[in-house]
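Notes follow the structure.
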There are 2 protein chains.
Amino acid sequence: MVVKRRLGTESARNRQLLVEAAERLMVEEGAAAITSRKVAEKAGLKMQLVYYYFHTMDDLIVEVMREHAAKRLKGFVRALAAKDPFKALWEMNRDRSSANFNTELLALANQRERVRAELVTRACEFRALQIEAVDRLLAERGVDREQVPAGAIVTIIGALTRAMAQDRAYGVDDGYDEAVALVHKALEWLAAKEATSQQ
Amino acid sequence: MVVKRRLGTESARNRQLLVEAAERLMVEEGAAAITSRKVAEKAGLKMQLVYYYFHTMDDLIVEVMREHAAKRLKGFVRALAAKDPFKALWEMNRDRSSANFNTELLALANQRERVRAELVTRACEFRALQIEAVDRLLAERGVDREQVPAGAIVTIIGALTRAMAQDRAYGVDDGYDEAVALVHKALEWLAAKEATSQQ
DNA sequence: GTCTATACTTCGATAGAC
DNA sequence: GTCTATCGAAGTATAGAC
């Protein structure tokens, strides 16, 4: 396992085709559909090329995760620059294909140790970024972050959007409008309470 | 596919062994580990017996889901009878193995139509029960259910517990204590606000 | 009800020619 | 870099003897 004989070539055209095919399979048919044969077929290539560019299927999947995380990060930066960053963050988090992607990753992570490790790394990294950004937003709006910590908001929004995306994937989205309305209301009231209690 | 020739026997000892083995595999090794060979091995039986008691693997899995749902329902009724039903509901929802079980089901549902159908049926059924129960609890406490609808609370608690269980499964539980504290605080304030605004 | 034996499929991965 | 050819493991499912 340690010594690998075959070549892996970086930044070649076919390699990129394979990664993109795998990413599409993940969203469209689920992680279970990412097999060497299906990925190659979707990319219009021969199955053996998968093993030319990646030593194992794990390597392919980890690469897909990296590229997906990079895209997500760009979207995050864009959201922060929007007029209403909270809304933009919310919308971004509830993006369907991205959330679907994450659901599949959760399943994969239960079977593949390397996927689990990569998932944890990316999740913590992204979470830290989100907390930092939300904390700054709260400070700008004069909210007491001891009463309403950024970590809590990020966690609640993340949980709601993730659960909603999962439920929608099999055709259920009851309750989320109500829940979101309640969260908004609660955040407003909390902010107002803090504002008045400081005066 | 429609006509099935072989026999399936109800309520036999080995059948129950197989269902229990499958359920343990689901929690311990993930849904992907539920194969005819592994289930039989875990049950100490021959692989072919799986196909004697269940026409297909889908049938086995659906049976596992049914028995799991039945257990869950019993736990729910028990939680409602507790001194602090809200807390009991929360604790029940965050039960690890049950939540883990659900995470695996989500993945399976993306691949197997019958699992998806069964999952939706059980989820809606359970959700309706929870809403009914929470609504009654809110009424007893004099909370205005127009401002704080039971559906929203059930959704938020469900999303938080599900996300927390998923994250914990791969070793992350940052933020949930904060989030839960904020939810508790928000619920209290909402209730208080309603109480005063009614007077 | 349970066993032996087996058909068929798909998977990950590799060897070696070109 | 890409192809033909191939292995061995594991999966679902069935036939038929006992």
Side-chain angles (χ1 to χ4, degrees), chain A residues 1-22 25-26 28-64 104 107-108 110-115, chain B residues 1-22 25-26 28-64 104 107-108 110-115:
Chain A
M1 284 296 178
V2 183
V3 187
K4 279 292 180 177
R5 314 125 263 215
R6 282 168 299 103
L7 307 177
T9 311
E10 69 292 350
S11 60
R13 181 174 158 276
N14 281 349
R15 186 189 145 103
Q16 191 57 30
L17 284 178
L18 290 170
V19 173
E20 286 167 9
L25 274 176
M26 179 90 93
E28 295 166 13
E29 300 184 37
I34 301 187
T35 69
S36 52
R37 287 167 171 86
K38 285 183 186 165
V39 168
E41 189 193 15
K42 191 129 192 158
L45 300 170
K46 295 282 179 179
M47 175 254 286
Q48 294 85 339
L49 282 189
V50 173
Y51 296 102
Y52 175 69
Y53 289 106
F54 305 92
H55 285 151
T56 66
M57 291 305 291
D58 274 14
D59 288 315
L60 208 201
I61 291 171
V62 168
E63 182 60 29
V64 169
E104 291 299 327
L108 259 192
N110 279 337
Q111 302 159 37
R112 297 168 188 264
E113 169 55 25
R114 295 206 23 225
V115 171
Chain B
M1 282 296 178
V2 183
V3 187
K4 281 290 182 179
R5 316 125 259 222
R6 279 169 300 105
L7 309 177
T9 312
E10 69 292 349
S11 61
R13 183 175 157 274
N14 281 349
R15 186 189 146 104
Q16 192 56 30
L17 284 178
L18 289 170
V19 172
E20 285 166 10
L25 275 175
M26 178 91 95
E28 294 166 15
E29 301 182 40
I34 302 188
T35 68
S36 50
R37 284 173 167 86
K38 285 182 185 164
V39 169
E41 188 194 15
K42 191 128 194 157
L45 300 170
K46 296 282 178 180
M47 174 254 286
Q48 293 86 338
L49 280 191
V50 173
Y51 296 100
Y52 175 69
Y53 289 107
F54 305 92
H55 286 152
T56 67
M57 291 305 291
D58 274 15
D59 288 315
L60 208 201
I61 291 170
V62 168
E63 183 59 31
V64 171
E104 292 299 327
L108 260 192
N110 279 338
Q111 302 157 36
R112 296 168 188 264
E113 168 56 25
R114 293 206 23 222
V115 172

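Note that these values count all heavy atoms, side chains included, but never hydrogens, waters or copies made by symmetry. Here is the naming used below: chain letters follow the sequence lines, and residue numbers restart at 1 for every chain.
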| message | Side chain of B/Tyr51, heavy atoms from C-beta onward: which of D/dT2, D/dT12, C/dG12 has the nearest atom to it? | response | D/dT12
| query | Counting just side-chain N and O atoms, does A/Asn14 come under 4.0 Å of either OP1 or OP2 of D/dG1? | reply | no
| A/Val115: what forms a side-chain contact (heavy atoms from CB on, under 4.5 Å) with it, not counting sequence neighbours? | A/Ile61, A/Met65, A/Leu105, A/Leu108, A/Ala109, A/Arg112
| task | Check whether any side-chain N or O of A/Tyr52 sits under 4.0 Å from OP1 or OP2 of D/dG1, and answer yes or no. | result | yes
| query | Rounding to a whole Å, what distance do you find between A/Leu49:CG and C/dA15:C1'? | reply | 15 Å
| query | Where the side chain of B/Gln48 is concerned, which of D/dT12, C/dT4, C/dT14 is the nearest nucleotide? | reply | C/dT4
| request: Please state how far atom CE in B/Met47 lies from atom P in C/dT6, giving the value in whole angstrom units. | output: 13 Å
| request: Can you sort out which residues in residues 35-46 of chain A have a heavy atom within less than 4.0 Å of DNA chain C? Ascending by number, please. | output: A/Thr35, A/Ser36, A/Arg37, A/Lys38
| said: With a 4.5 Å cut-off on side-chain heavy atoms, are A/Met57 and A/Val50 touching? | reply: yes
| request: Taking only the side-chain nitrogens and oxygens of B/Tyr53, find out if one of them lies under 4.0 Å from OP1 or OP2 of C/dG1. | output: no
Under 3.5 Å, sequence neighbours excluded: what are the donor-acceptor pairs made by side chains of residues 37-46 of chain B?
{"unit_1": "B/Lys42", "atom_1": "NZ", "unit_2": "B/Glu28", "atom_2": "OE1", "d": "2.7"}

| Of all the choices, D/dG1, C/dG1, C/dA13, which nucleotide is nearest to the side chain of B/Ala12 once you look at every atom? | C/dG1
| query | Looking at side-chain heavy atoms only, is the closest gap between A/Arg15 and A/Tyr52 below 4.5 Å? | reply | no
